[in-house]
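Here is the structure we will look at.
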Amino acid sequence: MAKVTVLIADDLKFFLEIEKSYLQRGGFEVLTATSGEEAVDIAQKRQPNLVLLDLEMPKMDGVAACAAMRKVAVLQATPIIIMSATGTPQNRERCLKAGCTEFVIKPEKPDELLGIVARILSIKKREAKRITVVFNVTGTHASRQVVGQAKDLGEKGLLLETSTAISVGSVLELEFYLPGTRSQVKVKAKVVRAGKTKEGAPQAGIEFIDLSQADQEAILDYVTS
């Protein structure tokens with residue numbers, strides 16, 4: 001699976017390393033910066049798929065860094081999340097005016113960051129061919145969520161591309177957002193077949209086990225519209 005590149009900027013190295021660790025475990029390639037200036041420089045050179053900026057950074061804060069990135073042609077459509085420990089309306093307004101895709105409160109639990117990233121990647125474009133899926137294997141990696149890319153979504157299942165192979169018969173807990181919407185699907189599923197892509201990445205055919213009526217209708221509406 002081609003890794004999605006995420007750039008994180010935070011002047012507090014302790015939090016930066018925690019965020020980096022969780023995203024790497026989730027299957028992302030992670031770039032880091034400890035200042036707004038460094039983040040802008042790295043973003044221009046590496047053109048990440050997603051940028052996470054801490055609002056409270058000295059000199060060039062998250063708002064200024066976001067505004068600077070939006071002036072760069074290749075970064076104008078890049079999803080940018082600005083995170084803050086304080087979610088005041090004033091902070092939110094400043095961030096959105098600077099051009100960020102979304103302003104969020106820093107999650108209390110680092111593993112919640114995976115869900116935020118997956119949601120933003122899925123919402124950015126409805127025409128996206130792939131869906132970012134957060135999942136774990138029930139009973140095996142219950143405390144470890146990882147990220148995969150899915151396609152061929154239907155009412156009964158999907159095709160999941162992962163960084164490591166998953167054996168047939170494995171039961172998964174999946175979370176994903178339908179691209180271009182805010183409809184989140186949470187469902188248990190079973191691996192019914194396994195194989196590889198043309199590039200050699202592990203691939204698994206997934207069959208939903210307990211899809212709710214509401215989620216089924218949301219998926220049907222998405223795939224038929």
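Side chains included, hydrogens not; waters and symmetry mates left out as well; all remaining heavy atoms used.
Salt bridge Glu207/Lys188: absent, no basic N to carboxylate O contact under 4.0 Å. The pair Lys186-Asp215 fails the salt-bridge criterion, with no side-chain N (NZ, NE, NH1 or NH2) lying under 4.0 Å from an Asp/Glu carboxylate O. Between Asp10 and Lys20 no salt bridge is recorded (no basic side-chain N to carboxylate O distance below 4.0 Å).
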Quick one: do Asp54 and Leu12 satisfy side-chain contact (heavy atoms from CB on, under 4.5 Å)? Show the steps, please.
CA-CA 9 Å; Asp54 179 42; Leu12 299 177; 5.7 Å; no
Could you go through the side-chain contact (heavy atoms from CB on, under 4.5 Å) check for Leu178 and Leu153 one step at a time?
CA-CA 10 Å; Leu178 299 176; Leu153 173 66; 3.6 Å; yes
Applying side-chain contact (heavy atoms from CB on, under 4.5 Å) to Phe208 and Leu158, what does each step give before you reach the verdict?
CA-CA 8 Å; Phe208 299 141; Leu158 49 77; 4.0 Å; yes
For Asp11 and Ser35, what are the C-alpha separation, side-chain angles and deciding distance, and is it a side-chain hydrogen bond (donor to acceptor under 3.5 Å, both in side chains)?
CA-CA 6 Å; Asp11 63 308; Ser35 68; over 6 Å; no
Should Phe135 and Val147 be marked as a side-chain contact (heavy atoms from CB on, under 4.5 Å) after you check the CA-CA gap, both sets of side-chain angles, and the distance that decides it?
CA-CA 6 Å; Phe135 71 94; Val147 171; over 6 Å; no
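Proximity of Leu16 to Thr34: side-chain heavy atoms (C-beta onward) are separated by under 4.5 Å at one or more points. Contact annotation: the side chain of Glu19 approaches that of Lys106 to within less than 4.5 Å [non-hydrogen atoms, C-beta and beyond]. A 4.5 Å side-chain heavy-atom check between Leu53 and Met69 finds at least one atom pair inside the cut-off.
No side-chain N or O of Ser21 forms a donor-acceptor pair with one of Glu17 less than 3.5 Å apart. No donor-acceptor contact under 3.5 angstrom links the side chains of Gln203 and Thr197, judged on distance only. Counting only N and O atoms by type, the side chains of Ser84 and Glu56 include a donor and acceptor under 3.5 Å apart.
Shown here for Ala33 and Ile42, the closest heavy-atom pair between the two residues is CB-CD1, 4.1 Å. Considering every non-hydrogen atom in both Cys66 and Cys100, the closest pair reads SG-N, 3.5 Å. Scanning all heavy atoms of the two residues, the minimum distance from Ile131 to Tyr177 falls at CG2-O, 3.6 Å. Across all non-hydrogen atoms, the minimal contact from Ala65 to Val40 is O-CG2, 3.7 Å. Closest approach of Ile82 and Gly62 over heavy atoms only: CD1-O, 3.7 Å. Pairing each heavy atom of Thr101 with each of Thr78, the nearest pair is OG1-O, 4.1 Å.
Following chains of ILVMFWY side-chain contacts shorter than 4.5 Å, one can reach Val4 starting from Leu113, so the two form part of one hydrophobic cluster.
Under a cut-off of 6.0 angstrom, the local environment of CD in Glu93 is sparse, with at most 12 non-hydrogen atoms contributed by other residues, nucleotides or ligands.
Arg94 places no side-chain N or O within donor-acceptor distance of the main-chain N or O of Val63, the cut-off being under 3.5 Å.
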